[in-house]
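Here's the structure, in structure tokens; my notes come after.
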Amino acid sequence: MPTSAVPEDERPLVSPVNSHNEWDPLEEIIVGRLDGATIPSDHPVVSCNIPPWAARLQGLAAGFRYPRPLIDRARHELDEFVALLVSLGVTVRRPDPVDHRRRYGTPDWSARGFCNTCPRDSMLVIGDEIIETPMAWPCRYFETHSYRRVLKDYFRRGARWTAAPKPQLTDELFERGFRPPRDGEPPRRILTEFEPVFDAADFVRAGRDLFVTPSNVTNRMGIEWLRRHLGPGYRVHEVESRCRTPMHIDTTLVPLAPGKVLVNPEYVDVDRLPEPLRSWDVLVAPEPAPIDDRLLRITSMCGRWLSMNVLMIDEKRVIAERHHTGMLRALERWGFEPIPCDLLHYAPFGGSFHCATLDVRRRGTLASYTD
């Protein structure tokens, strides 16, 4: 019987979710939202990633709305970024607005929210599956609820939808009295192995291979949960990071195309990359341009290597921050076609182009790029 003759409700579902790597041609994406953004609730797992003086300020301001001037500048750039994606033929989906100042809790703790600016952190796309991640920040515990309208739509249309076990986030998960290591001290992280936790942004995908950094939001129990969940069809490789406050791999190591990986020379020893990447072209990120805006330097939640937080449209075209001219020139030299865009003022809310998005559908199939 021809497909057109089959009743619509009996036709096989074709998942709208399909993304296996960071570079196949981009067709659909989720972009975060700034509405209701609230300064994170005070907690050691939040403050351990920022300088001590900034942590004290953050603790005093926790639970208050972000100042309107910060939001307005970031929203203007975000709207321009969304318009650029649409002009490139990409379908853009957005989360629902949320009042993040509302307090919520579990039997063990309570907190206010944060924001839904970075879908890259709370959801991981592997093929036709979206996985909600077990995040370590209490203020992000229910963050995926703002995406439920979109997630339910994807599920009804054929996507697989999984939620990792919700963590308890009790004191047993966090090292008591933790302080970040100083220069010359061995790496250490705030998380214990009490239960699985991870942020999706600590993983990058290259087909059957995923690369991850253990961090202050991702422990080895979380990595092992994902490894077992994905099964033998995937390989999960740990990347050693020299960052003293590690959080998210997309300013450390970013696959840009088959056989090409961008690395941070401050955080990564190129002689100690995982074995599968040693045959790839290793592209060493240039020194980031300095940030002159004093308010932005004070309020940014991200390190200076946010210049690496790029978004691939396909194997050649890449959206990168206009301010970081050294990165734009390097991308051209490496054979890419950079598309300059402004998103510098998104840093107080957690990131740049890669952080602010979740690529839901890329035109491609599952393959191995490291054999």
A side-chain contact here means heavy atoms from C-beta on lying under 4.5 Å apart; do His43 and Cys139 qualify? no
Keeping Tyr267 on the side-chain end and Pro246 on the backbone end, is there a donor-acceptor pair under 3.5 Å? no
Applying the 4.5 Å side-chain criterion to the ILVMFWY set and letting contacts propagate, would Leu283 and Ile319 be lumped into a single cluster? no
Would you say the side-chain atoms of Arg65 pair up with the backbone N or O of Gly36, donor to acceptor, closer than 3.5 Å? yes
Suppose we screen for side chain to side chain contact (heavy atoms under 4.5 Å, CB included). Which residues come up paired with Ser15, at least two apart in sequence or across chains? Val17, Asp128, Ala159
Taking the six-membered ring for Trp, are Tyr66 and Phe349 ring centroids under 6.0 Å apart? yes
Measure the spacing between CG of Leu26 and CG of Leu88 and express it to the nearest 0.5 Å. 9.0 Å
Short N-O contact, Arg242 and Glu266, less than 4.0 angstrom: no
List in chain and number order the residues that pass side chain to side chain contact (heavy atoms under 4.5 Å, CB included) with Ala289, two or more places apart in sequence or in another chain; answer none if no residue qualifies. His323, His324
Give the cluster check for Leu311 versus Val254: same hydrophobic cluster or not, with ILVMFWY residues linked at side-chain heavy-atom distances below 4.5 Å. no
So with a 6.0 Å cut-off around CG of Asp171, is the heavy-atom count from everything else above 12? no
Residue pair Gln168 / Thr106, side-chain donor-acceptor N/O under 3.5 Å: no
Around Arg102, counting heavy atoms of other residues, nucleotides and ligands shown, do more than 12 lie under 6.0 Å from its CZ? no
Per ring pair (Phe, Tyr, Trp, His ring centres under 6.0 Å), Tyr369 is matched among Phe211, Trp23, Trp280 by Trp23
Please report the interatomic distance CH2(Trp305) to OG1(Thr251), rounded to the nearest 0.5 Å. 10.0 Å
In the single-linkage hydrophobic clustering (I, L, V, M, F, W, Y; side-chain heavy atoms under 4.5 Å), do Ile71 and Leu78 co-cluster? yes
Measure across Gly158 and Pro16 and return the closest heavy-atom pair with its distance rounded to 0.1 Å. N-CD, 4.3 Å
Are any side-chain N or O atoms of Glu321 and backbone N or O atoms of Leu343, one a donor and one an acceptor, separated by less than 3.5 Å? yes
Between Arg322 and Asp342, is the closest basic N to carboxylate O distance under 4.0 Å? yes
Kindly check if the number of other-residue, nucleotide or ligand heavy atoms within 6.0 Å of CZ (Arg228) is above 12? no
In terms of side-chain geometry, is the basic nitrogen of Arg188 or Glu175 positioned less than 4.0 Å from the acidic oxygen of its partner? no
Counting only heavy atoms from other residues, nucleotides and ligands, does the tally under 6.0 Å from CZ of Phe64 exceed 12? no
Indicate whether any N or O donor in one side chain lies under 3.5 Å from an N or O acceptor in the other, for Asp359 and Ser19. yes
Can you tell me if Thr252 uses its side chain to pair, donor with acceptor, with the backbone of Val268 under 3.5 Å? no
Out of the candidates Arg93, Arg363, Arg362, only one should pair with Glu27 under the salt bridge (Lys or Arg N to Asp or Glu O under 4.0 Å) rule; please name it. Arg363
Linked, directly or transitively: Ile126 and Met123 (ILVMFWY side chains, under 4.5 Å): no
Would you call Arg179 and Glu185 a side-chain contact if the rule is heavy atoms closer than 4.5 Å? yes
Run the salt-bridge test on Asp24 and Arg361 with the 4.0 Å N-O cut-off and return the result as yes or no. no
Is it the case that atom CZ in Phe155 sees more than 12 heavy atoms from other parts of the structure closer than 6.0 Å? no
State which residue, out of Val282, Asp209, Leu253, fulfils the side chain to side chain contact (heavy atoms under 4.5 Å, CB included) condition with Leu277. Leu253
Please check if atom NZ in Lys316 has more than 12 non-hydrogen atoms from other residues, nucleotides or ligands closer than 6.0 Å. no
Rounded at 0.5 Å granularity, tell me how far CG in Leu84 sits from CD1 in Ile313. 7.0 Å
Separation of Asp42 CG from Ile39 CD1 (nearest 0.5 Å): 11.5 Å
Contact list for residues 72-102, test ring pair (Phe, Tyr, Trp, His ring centres under 6.0 Å), sequence neighbours left out: Phe81-Phe353
Side chains of Ser215 and Arg189 only: does a donor on one sit below 3.5 Å from an acceptor on the other? no
Is the closest side-chain donor-acceptor distance between Asp202 and Thr218 under 3.5 Å? yes
Going by atom types alone, do Ser41 and Arg103 pair a side-chain donor with an acceptor below 3.5 Å? no
In terms of relative ring orientation, are Tyr141 and Trp109 parallel, tilted or perpendicular, with 30° and 60° separating the classes? perpendicular
In Å and rounded to the nearest 0.5 Å, what is the CE to OG distance from Met308 to Ser352? 12.0 Å
Answer yes or no: is there an ion pair linking Asp183 with Arg244, defined by an N-O contact shorter than 4.0 Å? yes
Side chain of Asn264, backbone of Ala285: donor and acceptor closer than 3.5 Å? no
Quick one: do Arg120 and Asp250 make a salt bridge, cutoff under 4.0 Å? no
Indicate yes or no: does Arg235 engage Glu275 in a salt bridge with an N to O separation below 4.0 Å. no
